[in-house]
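To keep things clear, I will list the structure first and then write my remarks on it.
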Amino acid sequence: VFKRFVEIGRVAFISFGPHAGKLVAIVDVIDQNRALVDGPCSGVRRQAMPFKCMQLTDFVLKFPHSARQKCVRLAWEKENINEKWAATRWAKKIEAREKKAKMTDFDRYKVMKAKRMRNRIIKHEMKKLQKMSSKKGKKPKKQEKPEKPEKGQKSEKVRKAQKAPK
Amino acid sequence: MAGETAAGEKKPGEKAPGKKKTGEKPAEQKAVGEKKKKVKKHHASRNPVLARGIGRYSRSAMYARKALYKRKYTAPETKIEKKKKEKPRATITKPVGGDKNGGSRVVKIRKMPRYYPTEDVPRKLLSHGKKPFCQHKRRLRASITPGTVLILLTGRHRGKRVVFLKQLGTGLLLVTGPLVINRVPLRRAHQKFVIATSTKVDISGVKIPKHLTDAYFKKKRLRKPKHQEGEIFDTEKEKYEITEQRKSDQKAVDSQILARIKKVPQLRGYLRSTFCLSNGVYPHKLVF
């Protein structure tokens, strides 16, 4: 049922508080509510932190309990947690949310245009397939393939639209 | 003899100070200037005192003794007085029309007031810092710079995105569509009723004609009521007509701006679109 556990070396994401948005590693457990936590590569000093503000990630580092910061840093860099984190969907969702919030009026317009174009293409393909299927009788046709390259196009367009003004 | 002695008194009296002055070289020029402007060194009183407050000679005797008949001064004729000799025209002759046509009548240019109030207006207390509108300080939000795309919020062009050109003398913003893009001409907009977006068009080299001022844009009102109330509503301009000058000015400005708009991709379409809110869109959360 539970897949992520609080253990020594578990990398956690801080959801609220002064260090919101940063990654830390659990170094030791203090009591039922708090852990000793350290984030040498993410700018969090070694400190006690309540479990409530931590959200566990999939990453676990290997170091003994109460290891000093240098060891934690070594383990962190060995596992390349920063890059792995940036590659996760979680981190990407956060980034997308931030970008959306920073969108200016012009960006919103460009995104609207890109979305509209993409939807038109999809609709066009759908209509084509529907026509074909209605003509040839009721044969189920796979509709996945034409969508995937278009989704890639759309995300590219959106990213371009957001990156261009910046 | 008395006359002689009097004359004798004056001359050495006058000469002596004169000699003294000429004796002093650096004071010469000053003395010369002083002689022209001021009375020379003052003589002692020519009216010996009999008792405190009482002089020996009467007023008229003193007039003669001081030779005031010779000393009548007029103020020098200033340039203003010279100019004033040209009196302004007080009357004008106008032809008589209407019933008694022909001939002319003389009309005063500056007429006497037709009404004198019974009470004079009381003097107003001094006020501090209350300036008329023309002297007010004009401010401009830091987010609004030449070339910024603004969203108009009021007026017939509400929701349209428009390019800001400059701030006019009264503080209003001079703004243009450009006309071919969204049908907004060269127009004034109020700073408070405008959202400044962060999108900017580079208007560095654009020359805006100098005659585009507030007076150019001000609405014209015909005011010639000839006491015929039925006709008043007809003579006032109901329809606004676009003058040729406005068209030419619009072209002159827009041609420069359009070139720069075309350089930015999708900007033209952006300016053509209108701003609107929909479900889930909250202005306080939007970044403009």
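The figures here come from the full heavy-atom set of this structure, side chains too, leaving out hydrogens, waters and symmetry mates. In the text below, chain A, chain B and the rest are named by the order of the sequence lines, each starting its count at 1.
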Is the count of non-hydrogen atoms from other residues, nucleotides or ligands lying under 6.0 Å from [X] atom [atom1] greater than 12?
{"X": "B:Gln135", "atom1": "CD", "answer": "yes"}
{"X": "B:Lys251", "atom1": "NZ", "answer": "no"}
{"X": "B:Arg272", "atom1": "CZ", "answer": "no"}
{"X": "A:Lys84", "atom1": "NZ", "answer": "yes"}

(request) Mind jotting down which residue pairs meet the side-chain hydrogen bond (donor to acceptor under 3.5 Å, both in side chains) criterion with at least one end in residues 181-198 of chain B? Sequence neighbours excluded, please. (result)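 Qualifying pairs, neighbours excluded: B:Arg188-B:Asp214.
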
(request) Check A:Asp105 against B:Arg161 and note the closest heavy-atom contact, atom names and distance. (result)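 Minimum heavy-atom separation between A:Asp105 and B:Arg161: OD2-NE, 2.8 Å.
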
(message) So which atom in B:Gly269 and which in A:Tyr109 form the shortest heavy-atom distance, rounded to 0.1 Å?
(response)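 In terms of heavy atoms, the two residues are closest at C-OH, 2.9 Å.
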
(request) Find the distance between CZ (A:Arg108) and CZ (B:Phe288) and round it off to the nearest 0.5 Å. (result)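 A:Arg108 atom CZ to B:Phe288 atom CZ measures 6.0 Å (nearest 0.5 Å).
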
(message) Is B:Ile151 close to chain A through its backbone or its side chain, or both, or neither, when contacts mean heavy atoms under 4.5 Å?
(response)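 Just its side chain gets close to chain A.
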
(message) Heavy-atom cut-off 4.5 Å, strictly under: side chain, backbone, both or neither for B:Val264 against chain A?
(response)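 The side chain, not the backbone.
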
